[in-house]
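Below is one structure; the comments refer to it alone.
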Amino acid sequence: MENMFRLMASEEYFSERRCVWVNGPVIVGAGPSGLATAACLHDQGVPFVVVERSDCIASLWQKRTYDRLKLHLPKKFCQLPKMPFPDHYPEYPTKRQFIDYLESYANRFDIKPEFNKSVESARFDETSGLWRVRTTSDGEEMEYICRWLVVATGENAERVVPEINGLMTEFDGEVIHACEYKSGEKFRGKRVLVVGCGNSGMEVSLDLANHNAITSMVVRSSVHVLPREIMGKSTFGISVMMMKWLPLWLVDKLLLILSWLVLGSLSNYGLKRPDIGPMELKSMTGKTPVLDIGALEKIKSGDVEIVPAIKQFSRHHVELVDGQNLDIDAVVLATGYRSNVPSWLQESEFFSKNGFPKSPFPNAWKGKSGLYAAGFTRKGLAGASVDAVNIAQDIGNVWREETKRQKMRRNVGHRRCISVA
């Protein structure tokens, strides 16, 4: 029984590509969604293989996040299935604590991803009724053959770099994406323009201001900014509680009233709220409201200047749409991420062109022909955990039934052999 969960595979060599039969699902991605799915499959007794393009688990957290990052939501909303955070962890764990938690999680459920395996393509073979997942690693190709495929590459697989007139061709200063930003220390005393006003843009601006950088932040459109806590309670937790009893429009109305009481009016600082409430907007578009952890104080004090959209860049300047010209030394693009699923998954019925399942939550986890998606709900780690539980139960039910039938066939064959003897 010790090896029941481990990979049961037979290998053959066709031309220069090694083919591996996986007696269970292949999970693409070793981030929180992939780990959660693997842990739930382990609990169901189903073997699996996790392939990961990077050399570690949770590569987004380990390699593409800034040093001061903490979970924006309380830990109870961010824990993965079957293993809570340690009791001694604070309410909002740090980046390092979250990575340690994920590594402990992988060890506990014996999850051993195959690292440095970049998936080039995955397609369903109608003839065999199986998935063919082709990977490359240091020039070596490998193809996994499996009945089930779990897409767990997440909503933030690739950075988004917008085309801005003159940014890459004229501007002489440093340009980085927020995924490359670590600390404001290197920008001390420099004039830095942050493009984007989501949670990352706000936190990067806060960090730059704390390191005495001369910080400006581009706000092109309306944005919901909420306090992280209201009267000592998590704003997210309050909204979740209210949504159990109240209609969404009323929850939004109450959240905005409470936010106004805590933060005051923000329109005088260049921050205008959308016409649609924060929770309704998230439900419709997936756009998450900003949870303030100190950036608003810097904005109100003038340490972070809010500026409108960009018209164009020149060598050392940026021209804004309102005619202003700013001298700047560096640009941080807090312009978000996107799914990379369309670049490798050869399927169009379940996933849309933007790399997200076409069906909304809570039906976005299961497609046809053994295809599943984990972590595309736009509902954070809690949504990924729900996906993981559903996927494992669905595959586990089929797995147990087929295992039972195979055992019965073996027993019948064994009895026939005894009778002939």
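Atom set for the values below is all heavy atoms of this structure, side chains included, hydrogens, waters and symmetry mates excluded. Because the structure is predicted, anything quoted here is derived from the model rather than measured.
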Mind running side chain to side chain donor-acceptor pair (under 3.5 Å) on Asp394 and Tyr372 for me, showing each step along the way? CA-CA 10 Å; Asp394 198 59; Tyr372 298 90; 2.6 Å; yes
So if I apply the side-chain contact (heavy atoms from CB on, under 4.5 Å) rule between Ile310 and each of Leu326, Leu167, Val321, Leu193, which one comes out positive? Leu193
Taking side chain as C-beta onward, heavy atoms only, is Ile57 less than 4.5 Å from Glu52? no
Pairwise distance OG(Ser222) to CG(Asp275) - rounded to 0.5 angstrom: 7.0 Å
Relative to the ring of Phe98, is the ring of Tyr101 parallel (under 30°), tilted (30 to 60°) or perpendicular (over 60°)? parallel
Lys233 atom NZ, over 12 foreign heavy atoms within 6.0 Å: no
Would you say Asp125's side chain and Gly129's backbone share a donor-acceptor pair under 3.5 angstrom? no
So is Arg18 actually on top of Tyr144's ring, under 6.0 Å and inside 45° of the axis? no
Establish, yes or no, whether a centroid distance under 6.0 Å links the rings of Phe236 and Phe77. yes
Are the side chain of Ser137 and the backbone N or O of Asn116 linked by a donor-acceptor pair below 3.5 Å? yes
Taking the six-membered ring for Trp and the full ring for Phe, Tyr or His, determine whether the centres of His177 and Tyr337 are under 6.0 Å apart. yes
Run the salt bridge (charged side-chain N to carboxylate O under 4.0 Å, His left out) check on Glu158 and Arg53 step by step: do they pass? CA-CA 12 Å; Glu158 303 290 347; Arg53 65 179 178 177; 2.8 Å; yes
Working to the nearest 0.5 Å, report the span between CE of Met242 and CG of Leu250. 8.0 Å
Under 3.5 Å, side chain of Asn397 to main-chain N/O of Gln393, donor-acceptor pair present? yes
Spacing of His317 atom NE2 and Glu170 atom CD [to the nearest 0.5 Å]: 12.0 Å
Identify the residue among Glu120, Glu143, Glu141 that makes a salt bridge (charged side-chain N to carboxylate O under 4.0 Å, His left out) with Arg134. Glu141
Could you give me the CA-CA distance, side-chain angles and deciding distance for Glu229 and Tyr92, then say whether side chain to side chain donor-acceptor pair (under 3.5 Å) is met? CA-CA 12 Å; Glu229 293 185 342; Tyr92 301 94; 3.0 Å; yes
If you count heavy atoms of other groups shown closer than 6.0 angstrom to CD of Glu349, is the number above 12? no
Check this for me: Lys253, atom NZ, are more than 12 non-hydrogen atoms of other residues, nucleotides or ligands nearer than 6.0 Å? no
Should we say atom NZ of Lys282 is surrounded by more than 12 heavy atoms from elsewhere, each under 6.0 Å from it? yes
Partners meeting ring-ring contact (aromatic ring centres under 6.0 Å, His included) with Phe313 (sequence neighbours left out): Phe171
Okay, side chain of Asp207, backbone of Asn210: is any donor-acceptor separation there less than 3.5 Å? no
Check whether any side-chain N or O of Asn107 sits under 3.5 Å from a backbone N or O of Glu103 as a donor-acceptor pair, and report yes or no. yes
Backbone N/O of Met279 and side chain of Ser283: donor-acceptor pair under 3.5 Å: no
Just wondering, more than 12 heavy atoms not from Lys63 lying within 6.0 Å of its NZ? yes
Determine whether a donor-acceptor pair (N or O, by modelled atom type, separation under 3.5 Å) exists between the side chain of Ser343 and the backbone of Asn340. yes
Of all the heavy-atom pairs spanning Gly198 and Val290, show the shortest one and how long it is. C-CG2, 3.7 Å
Got a sec: does the NZ of Lys300 have more than 12 other heavy atoms crowding it under 6.0 Å? yes
Check whether Trp365 reaches the backbone of Phe376 with its side chain - one donor and one acceptor, N or O, closer than 3.5 Å. no
Do the non-hydrogen side-chain atoms of Lys95 and Lys70 ever get within less than 4.5 Å of each other? no
Check whether Gln97 reaches the backbone of Thr94 with its side chain - one donor and one acceptor, N or O, closer than 3.5 Å. yes
Exceeds 12 heavy-atom contacts within 6.0 angstrom, atom CZ of Arg400: yes
Would you confirm whether Thr235, through its side chain, and Pro227, through its main-chain N or O, come within 3.5 Å as a donor-acceptor pair? yes
